Participant: 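Next up is a structure, given as C-alpha cells.
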There are 2 protein chains.
Amino acid sequence: METIIKHFDKYLPLDDKEKEALISRLTERKIKRKQYILQEGDTCKYFTYVVKGCFKMYGVDNSGAEHNLTFAAEDEWIADIDSLHKEKASKLFIEAIETSTILQVSKGNLWYLYNKYPKFDRNFRVIIEDKYIELQNRLLQTFSTTAYERYECFLEQYPNLSNRLPNTQIASYLGITPEFLSKIRNQRSLK
Amino acid sequence: METIIKHFDKYLPLDDKEKEALISRLTERKIKRKQYILQEGDTCKYFTYVVKGCFKMYGVDNSGAEHNLTFAAEDEWIADIDSLHKEKASKLFIEAIETSTILQVSKGNLWYLYNKYPKFDRNFRVIIEDKYIELQNRLLQTFSTTAYERYECFLEQYPNLSNRLPNTQIASYLGITPEFLSKIRNQRSLK
DNA sequence: TCTACATTAAGACTATTTCTTAAACAAGCT
DNA sequence: AGCTTGTTTAAGAAATAGTCTTAATGTAGA
C-alpha cells in the first residue's frame with residue numbers, strides 16, 4: 001500500500017484523510033501469469049494499479065491475431081476506460097504477462113473518491129493526460145514511420161520493458177509478426 | 001460565450017462564480033482558413049475551444065507528408081497537450097480548415113481555474129478521457145483493419161465531418177493517399 | 001470569371017511485411 | 001531435474017495493400 005501512496009506524491013500528494021479513504025477502498029489481488037483481469041465481452045469493473053508484475057491490454061482482430069495496445073508494469077494504472085466509464089462490453093483483454101500483485105478500485109469507489117476528494121479528479125486527470133500523450137505519439141509514429149524506426153523508439157522509451165517482455169509481445173505492440181521483428185533485430189546488429 | 005457554458009452543462013454544470021471565472025479568462029479569436037494556431041517547433045500556449053469552424057492537428061514526416069491526428073469542429077477542444085503541459089516544442093501543426101471562431105485559455109489561466117475551482121479538474125478529466133477513448137479505438141483499428149473498413153467506420157462515427165472535409169484531409173486521417181481513398185469510394189459505390 | 005486545388009480513373013509498380021518451414025534455444029511447470 | 005511448451009533466429013518465396021504517375025474533369029474560393 002505504501003507504493004501507491006508514493007505514487008500519488010508525484011502528483012498532488014494525499015493528506016491523511018485522503019490516504020485512508022483511498023486505502024480502505026482498494027482491494028489487493030495476486031494474479032497468476034496468463035490470468036485475465038478483463039476479457040472481451042465483459043464490462044471492465046476496476047481501475048487497476050500494478051504493484052508488482054506486468055500486464056498487457058490487447059484486442060483480437062477478425063483473423064484471430066492479437067494487437068497489444070499497451071503494457072502496464074510497476075507503478076502504472078491500467079483499465080479499458082471506455083468500458084469502465086460507459087459500462088459497456090469491452091472489446092479488449094487485460095492479461096498478466098508475469099505473476100503479479102495489483103490494487104483495484106471499483107468504479108463505485110472511484111466515483112466516491114472523485115466526489116468526496118477533488119484531489120483525485122486532479123491526479124487522475126494528470127494520469128490520463130500522460131496516457132493520452134503516449135497514445136498520440138504512438139499513433140503519429142504508426143502513420144509516419146517503418147517498423148524498424150518504431151522498434152528503435154520503443155527501445156528508447158521502454159528500456160526496462162524491452163528486456164522483460166518476450167519478442168512476441170513486442171512484435172504485437174509494434175503491429176508486426178515476431179519473425180519480422182527478428183529480422184529487424186538482425187539488421188540492427190549489423191550496423 | 002453561451003455555447004461554452006452549455007458545453008459544460010454536459011458534464012458538471014458550472015455555477016455563477018465558475019462561469020464568470022471561466023469567461024473572464026477566455027480570449028475570443030477569429031481564425032481564417034489555412035491559418036495556424038500552432039506550428040511545429042513552437043510551444044502550445046492555449047487550450048482551444050471551437051465555437052464555429054473546423055481545425056486539423058497533424059504531424060509532418062521525413063518525406064514531407066502530412067498525417068492528421070485529429071479534427072476539431074464546433075463544441076470541441078483542441079491542443080497539443082504534450083507541448084502545453086511540458087512546455088516543450090511541439091511536433092505538430094494545428095490549422096484552420098474553415099474560417100473559424102475560437103475561445104482560448106492560456107496555460108496559466110487554465111491552471112488558475114484548476115486550482116481555484118476543482119470542478120474544472122473534473123470536467124477536463126472527463127473531456128480528456130473521451131479523447132483518450134477515441135485515440136485508443138483508432139489505434140486498435142489502425143492495427144487490425146484495412147483502409148476500407150477504417151473509412152466505413154469514419155463515415156459512421158463522423159457523418160457530419162465526412163461531408164464537410166475535403167477527401168485529401170480524410171485520406172490523411174486514415175493514413176492513405178487521396179487516390180487510394182478515391183478507389184475505396186469507387187469500390188463502395190459498386191456494392 | 002479565373003485559378004488553384006480536389007476528385008476520379010486506371011494501370012503499372014513496389015516495398016514492407018507475411019508466410020512457411022525448420023532448427024536451436026530458453027523457460028516455466030510438476 | 002527433466003519434460004514440454006513456447007520463443008527466437010534464419011532465410012527464401014510470396015503476397016498485397018497501398019503508392020506512383022499521368023491525365024482529364026470537376027469544384028470552390030478569391
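Remember, it's a predicted structure, so these values are computed and weren't measured experimentally. Letters go in sequence order (proteins before strands), and every chain restarts at 1. Side chains included, hydrogens not; waters and symmetry mates left out as well; all remaining heavy atoms used.
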Participant: Looking only at side-chain N and O atoms, does B:Arg185 come under 4.0 Å of OP1 or OP2 in C:dT8?
Facilitator: yes
Participant: Would you say the side-chain atoms of B:Gln169 and B:Asn68 include a donor-acceptor pair closer than 3.5 Å?
Facilitator: yes
Participant: Please list, chain by chain and in numerical order, all residues satisfying salt bridge (charged side-chain N to carboxylate O under 4.0 Å, His left out) with B:Asp75, sequence neighbours excluded.
Facilitator: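 With neighbours one apart ignored, the set is B:Lys10.
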Participant: Just the rounded figure in Å: distance from C1' of D:dT8 to CG of A:Leu181.
Facilitator: 10 Å
Participant: Less than 3.5 Å between a donor and an acceptor, one on the side chain of B:Lys183 and one on the base of C:dT7, is that the case here?
Facilitator: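 A donor-acceptor contact between them is absent.
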Participant: Nearest whole angstrom, please: distance from the P of C:dA15 to the CZ of B:Phe180.
Facilitator: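 After rounding, the gap between these two atoms is 18 Å.
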Participant: Could you tell me if B:Asn115 and A:Arg122 have a donor-acceptor pair between their side chains, going purely by distance under 3.5 Å?
Facilitator: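 Result is yes, a qualifying pair exists.
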Participant: Could you verify whether a donor N or O on one side chain and an acceptor N or O on the other, from B:Tyr49 and B:Thr3, lie under 3.5 Å apart?
Facilitator: yes
Participant: May I ask you to evaluate whether B:Thr146 reaches the phosphate of D:dA17, defined as a side-chain N or O under 4.0 Å from OP1 or OP2?
Facilitator: no
Participant: Whole-Å distance between C:dT7 P and B:Ile184 CD1?
Facilitator: 14 Å
Participant: In whole Å, I'd like the distance from the CD1 atom of B:Ile176 to the P atom of D:dT16.
Facilitator: 19 Å
Participant: Sugar-phosphate atoms are those with a prime plus P, OP1 and OP2; base atoms are the rest. Using that split, label each nucleotide of nucleotides 20-30 of chain C B, S or - for protein heavy atoms under 4.0 Å, 5' to 3'.
Facilitator: B-------SS-
Participant: Could you tell me how far apart A:Phe143 (CZ) and D:dT19 (P) are, to the nearest whole angstrom?
Facilitator: 11 Å
Participant: I'd like to check the ring pair (Phe, Tyr, Trp, His ring centres under 6.0 Å) partners of B:Phe93; sequence neighbours left out, ordered by chain and number.
Facilitator: B:Tyr36, B:Tyr58
Participant: How many Å lie between CD1 on B:Ile97 and P on D:dG29, as a whole number?
Facilitator: 13 Å
Participant: In whole angstrom, give the distance that lies between atom CG of B:Leu165 and atom P of D:dA28.
Facilitator: 14 Å
Participant: A:Phe154: what forms a ring pair (Phe, Tyr, Trp, His ring centres under 6.0 Å) with it, not counting sequence neighbours?
Facilitator: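 Ring pair (Phe, Tyr, Trp, His ring centres under 6.0 Å) list for A:Phe154, sorted by chain: A:Tyr158, A:Tyr173.
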Participant: Would you jot down, in residue-number order, the residues of residues 167-175 of chain B having a non-hydrogen atom under 4.0 Å from DNA chain C?
Facilitator: B:Asn167, B:Thr168
Participant: Is any side-chain N or O of B:Lys34 under 3.5 Å from a base N or O of D:dG29, one able to act as donor and the other as acceptor?
Facilitator: no
Participant: Kindly write out the residues that satisfy ring pair (Phe, Tyr, Trp, His ring centres under 6.0 Å) with A:Tyr114, not counting sequence neighbours, or none if the list is empty.
Facilitator: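 Scan of A:Tyr114 (ring pair (Phe, Tyr, Trp, His ring centres under 6.0 Å), adjacent residues dropped) gives A:Trp111, A:Phe124.
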Participant: Looking at C:dT17, I'd like to know if its phosphate oxygens (OP1 or OP2) sit under 4.0 Å from a side-chain N or O belonging to A:Thr177.
Facilitator: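 For C:dT17, neither OP1 nor OP2 has a side-chain N or O of A:Thr177 closer than 4.0 Å.
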Participant: Using a heavy-atom cut-off of under 4.0 Å over every strand shown, decide if A:Arg164 touches base, sugar-phosphate, or nothing.
Facilitator: nothing
Participant: Regarding A:Gln104 and A:Thr48, is there a side-chain donor-to-acceptor distance under 3.5 Å anywhere?
Facilitator: yes
Participant: Any side-chain donor paired with an acceptor under 3.5 Å for B:Asp42 and B:Ser90?
Facilitator: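 Side chains of B:Asp42 and B:Ser90: no pair found under 3.5 Å.
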Participant: Take atom CG of B:Asp61 and atom P of C:dT16, then tell me their distance rounded to the nearest Å.
Facilitator: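 Going from CG in B:Asp61 over to P in C:dT16 covers 13 Å.
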